[in-house]
Amino acid sequence: MLQVLRQRPRGWLALAPEIARTRTMSTTFQLDTATSRATPTPQPMRRLTVPKIRQRKKDGVTEQPLVMLTAYTARQAQLLDEHCDLLLVGDSLGQVIYGLPSTIPVTLDMMANHGAAVVRGSYHSVVIVDMPFGSYESSPQQAFESASQLLKISGAAGVKLEGGAAMAETVAFLTQRGIPVMGHVGLTPQAVNVLGGYAARGRSDAEADKIVSDARSLDEAGAFAIVVEGVVEPIAIDVTQAVGCPTIGIGASAQCDGQVLVCEDMLGMFERVPRFVKRYEEMADVISRAAATYAAEVRERSFPGEAQTYQPK
Ligand code: KIV
């Protein structure tokens with residue numbers, strides 16, 4: 001496919017038959033140059049939109065729960081896209097991709113570049129990019145500068161930021177200026193140094209009340225959805241009932257309006273995962289077994305075999 005593209009004359013029309021063949025959702029989807037950042041979808045206007053996501057909750061009820069997974073690369077996005085409503089380019093990429101100890105060191109450049117890869121690899125899901133620590137907290141103006149850069153570079157549809165009432169003014173500022181915002185309450189990993197760890201939140205009455213009122217403030221400020229992370233189940237349910245926009249739970253409750261997991265967690269890429277993660281595969285074992293077989297074949301000179309080597313004509 002890629003070779004065919006290179007031989008053809010430049011221009012969209014000349015490529016049309018080949019591109020048409022790539023337009024079905026498939027795990028063999030090829031990256032082709034027509035699927036550029038400027039036109040991330042080979043099926044124009046078919047991508048879900050933020051208003052459509054917001055409208056999934058009507059009069060406090062979400063008939064069909066929203067499905068969100070994290071994605072950090074184009075290929076990962078291609079594989080997840082058709083199954084999800086939203087792809088989140090989470091700042092969890094700090095730990096998952098870069099091996100950092102927390103999300104604190106993650107930069108705007110990292111988020112923008114991974115966001116662009118995920119937009120290039122998807123054409124159905126709404127792509128949301130996390131605002132990294134330090135890029136939005138000091139003022140609504142700082143948040144607008146950072147968020148607008150993220151959207152310009154990545155082509156994503158909106159941003160997510162952590163924090164409750166303290167961020168309400170910023171959420172309103174961004175939303176009124178064309179930047180959809182997803183909120184994030186409960187366990188907010190960027191505040192790990194204040195919280196003192198990653199334990200579930202909402203166990204005391206004061207903490208529970210604060211989480212519910214934080215979510216209300218974000219909803220009133222115009223957040224189109226709110227991630228509710230690491231809270232005891234009754235609080236997740238209270239939050240879901242208290243706000244008009246959809247809640248997306250992680251370590252929260254099946255009663256939330258949707259769910260999100262870090263993709264690598266649910267794929268079984270890590271030995272240690274939090275209690276709220278369900279492992280749907282054991283990909284770490286699959287990769288380790290493949291690497292062991294490859295290493296053995298290289299060492300015994302059985303790879304490359306006849307099928308993988310070029311011979312003169
Ligand atoms: O960064 C992330 O992946 C997140 C999800 C866990 C919600 O914020």
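We count ligands from 1, going down the list as the structure has it; atoms in each ligand are counted the same way. Sequential numbering from 1 along the given sequence is applied to the chain's residues.
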Item to check | Test item, Met68 contacting ligand 1 (heavy atom, 4.0 angstrom) | outcome: no
Checklist entry - To the nearest 0.1 Å, how far is atom 3 (O) of ligand 1 from its closest protein heavy atom, and which atom is that? => result Ser92 OG, 2.5 Å
Item to check | Part of Leu93 within contact of ligand 1 (heavy atoms, under 4.0 Å) | outcome: neither
Checklist entry - Would you say the side chains of Ser302 and Glu300 form a donor-acceptor pair under 3.5 Å? => result yes
Item to check | Which of the ligand 1 atoms, numbered from 1, are nearer than 4.0 Å to a heavy atom of Gly90 | outcome: 1 (O), 2 (C), 3 (O)
Next on the checklist: So if I count the atoms of ligand 1 from 1 in the order they appear, which ones are less than 4.0 Å from some heavy atom of His184?
Outcome noted: 8 (O)
Checklist entry - Hey, is Asp130 touching ligand 1 through its side chain, its backbone, both or neither, going by heavy atoms under 4.0 Å? => result side chain
Item to check | Shortest non-hydrogen separation from Ala252 to Ala236 and the atoms involved | outcome: CB-CB, 3.7 Å
Next on the checklist: Under a 3.5 Å cutoff, is there a donor and acceptor pairing between the side chains of Glu264 and Gln95?
Outcome noted: no
Checklist outcome for this item: Nearest heavy-atom contact between Asp91 and Glu162 is OD2-OE2, 4.2 Å
Checklist entry - Between the side chains of Ser122 and Arg47, is a donor N or O closer than 3.5 angstrom to an acceptor N or O? => result yes
Next on the checklist: Test your reading of the model: is there a side-chain donor-acceptor pair from Ser125 to the backbone of Cys84, 3.5 Å cut-off?
Outcome noted: yes
Next on the checklist: Check this for me: Tyr198, atom OH, are more than 12 non-hydrogen atoms of other residues, nucleotides or ligands nearer than 6.0 Å?
Outcome noted: yes
Checklist entry - In terms of atom number and element, which parts of ligand 1 are under 4.0 angstrom from non-hydrogen atoms of Thr70? => result 3 (O)
Next on the checklist: Within ligand 1, which atoms have a heavy atom of Lys160 less than 4.0 Å away?
Outcome noted: 4 (C), 8 (O)
Checklist entry - Which heavy atom of the protein is the closest neighbour of atom 6 (C) of ligand 1, given with residue, atom name and distance? => result Ile250 CD1, 3.6 Å
Checklist entry - Mind checking whether Glu162 has a heavy atom under 4.0 Å from ligand 1? => result no
Checklist entry - How close does the nearest protein non-hydrogen atom get to atom 7 (C) of ligand 1, and which residue and atom is it? => result Leu88 CD2, 3.8 Å
Item to check | Residue pair Asp85, Lys52: steps toward the salt bridge (charged side-chain N to carboxylate O under 4.0 Å, His left out) verdict | outcome: CA-CA 10 Å; Asp85 300 304; Lys52 285 204 173 105; over 6 Å; no
Next on the checklist: Taking 4.0 Å as the limit for heavy-atom contacts, which would you say applies to Asp91 with ligand 1: side chain only, backbone only, both, or neither?
Outcome noted: both
